[in-house]
Amino acid sequence: MDKFRIIGGKKLKGGVAISGAKNSALPCLAAALLTPETVTLRNVPYVRDLITMRRLLEDLGCTVLVPELRTHQINAGTVEDYEAPYELVKTMRASVLALGPLLGRFGQASVSLPGGCAIGQRPIDLHLMALEKMGAKIELRGGVVEAGASRLRGADIEFETVTVTGTENVMMAAALADGVTRISNAACEPEIVDLAELLTKMGAKIEGASTPTITVTGVERLGGADHTIIPDRIETGTFIVAAAITGGEVEITNCEPGHLQSVIEKLREVGVKIEQTGRDKLRVAGNGESRAPYKAADVTTAVYPGFPTDMQAQYMALMTQAEGDSVITETIFENRFMHAAELMRLGAQMRINSRSVDVHGPSPLTGAQLIASDLRASASLVLAGLAAEGETLIDRVRSKIEDRRSKIEDRRSKIEDRVGARKAILYPRSSIFDLRSQPAFSSGNTTRWLTTISAVTTNSFIFFWLGRVYIASSINSSRIIRRPRAPTLRSQAWRATARKASSVKRNLMPSHSNCF
Ligand code: EPZ
């Protein structure tokens, strides 16, 4: 887990390119288990969960090559193990996505039951119910789901609750089943459609993705495919709020505005200036010239195309700066308000009820020490930290690793283009990388330091901020500084193992892998 220190209170300005969607890349990587041929996935975000998923596939016997950052070539021709162990499942619930494809292709799977998490119990009973309806024999032994079937058969599946990964697991299992599977009350998220597109390229017969009724006609075998992952709509939404909460201006590129219409509409309703400047471009100008405070507005999370639960925490942070009272109601997860109490530590005025929070604003926020509970909560605390006066310290930030080097290069080239002649004055080429020469930032630390900074939520805005802030700091802007921890015995031991591990990894991944 990481710790962030944020000095806030300044506008954000600049541009950022959105990464691929974490919640689409995860099921797409798992789908590669359905064929012995190579599946090439592009625009894969370089985030911790994807690294865990890649490790799971390798442990099952797959070969995963990364010819260039964000491109993964997965070959499941040599799978010899069908177990997703607890060590991996406990770090990433999405490991459960191996269940459907392993059962569908090999007729057996052993997946550790993912326990609860900060945002809710999150059972997988609907996944298991569906697979049993398709003929799987499922037993729960020692916290592990043992599933077996000679060959799954098509079935009519009605989900009592819309479940995203449940729909994905059944689609993948049904792709190789004998007969037709009809999923009713299916999830309609863009990530479901993206997975259906990949499976169709692999030879699956799927109709109705993006609607509540999906029909899958099983086939004998599936082949390889080449697929590009959609942009991350939650990352996009988080950037929009980042610009809005600091009254800044941000150009967002490589995004898919159509995938977050409900978020854009709600933010426009409260007064955020959002302009679509291209097919995949948005320009966010906070509250524009008027600097009129945002208007408070209620929101209720819902399944797609409703307001996404993964944007609820970030929206709550913004509502602390809006004029009036807003009620934020969470309908998807039963315990997704852990960030609310932390926001109150910054000075936000709220009353937390069982499934809703009443927010009164605007409240001036002042920096404080906070603890993050999950990925999206981390993002909302960082957003609020940037709007707060003074220093905010956030502990247990669930971070993600974004490929710093290429983002640094992108940023630096953009910045240098912009500052052109003033480069020598403001930001000599080597300054960022000189960090490596600082003893406190010796290689292991630098990697962890940069990794940490470029984390939070599914995107690199911290990075962007850092890039920006780092450079702008000589201009005027908020700063994010991270105090490197003194290397403890354990971290030295860890680094020794990491060095050994990374020497192994180096064979699999291209040169920049050592930033992992
Ligand atoms: C997916 O989780 C996303 N994760 C979540 O994003 C997202 O919040 C969620 O969908 C809702 O949009 C991935 O795609 C990897 P669900 P998932 O099954 O599939 C209940 C993030 O921050 N339920 O749609 O696990 C469940 O408890 C994460 O990126 C059952 O009761 O969510 C919840 O209340 C967080 N039984 C509701 O359904 C089941 O078998 C929706 O959960 C399955 C689900």
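Start at 1 and go down the list; that is how both ligands and their atoms are numbered.
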Are K266 and E269 within salt-bridge range, i.e. N to O under 4.0 Å?
yes
Is any side-chain N of the basic residue among D178 and R153 closer than 4.0 Å to the acidic one's carboxylate O?
no
Is the ring pair Y315/F307 parallel, tilted or perpendicular, if the boundaries are 30 and 60 degrees?
perpendicular
Can you sort out the partners of F333 under ring-ring contact (aromatic ring centres under 6.0 Å, His included), two or more places apart, ordered by chain and number?
none
Give a yes or no answer on whether the side chain of R151 reaches the backbone of A177 with a donor-acceptor pair at less than 3.5 Å.
yes
Do any nitrogen or oxygen atoms of ligand 1 lie under 3.5 Å from a protein nitrogen or oxygen, and which ones?
unit_1, atom_1, unit_2, atom_2, d
ligand 1, 2 (O), R122, NH2, 3.2
ligand 1, 6 (O), N23, ND2, 3.3
ligand 1, 6 (O), D310, OD2, 3.0
ligand 1, 8 (O), D310, OD1, 2.6
ligand 1, 8 (O), D310, OD2, 3.4
ligand 1, 18 (O), T163, OG1, 2.6
ligand 1, 19 (O), T165, N, 2.8
ligand 1, 19 (O), T165, OG1, 2.6
ligand 1, 22 (O), R376, NE, 2.8
ligand 1, 24 (O), V164, N, 2.8
ligand 1, 25 (O), R122, NH2, 2.9
ligand 1, 29 (O), K22, NZ, 3.0
ligand 1, 29 (O), N23, ND2, 3.0
ligand 1, 29 (O), R376, NH2, 2.7
ligand 1, 34 (O), I332, O, 2.6
ligand 1, 36 (N), P123, O, 3.3
ligand 1, 36 (N), D125, OD1, 2.6
ligand 1, 40 (O), P123, O, 3.3
ligand 1, 40 (O), D125, N, 3.1
ligand 1, 40 (O), D125, OD1, 3.1
ligand 1, 40 (O), L126, N, 2.8

Would you say the side chains of H227 and R42 form a donor-acceptor pair under 3.5 Å?
no
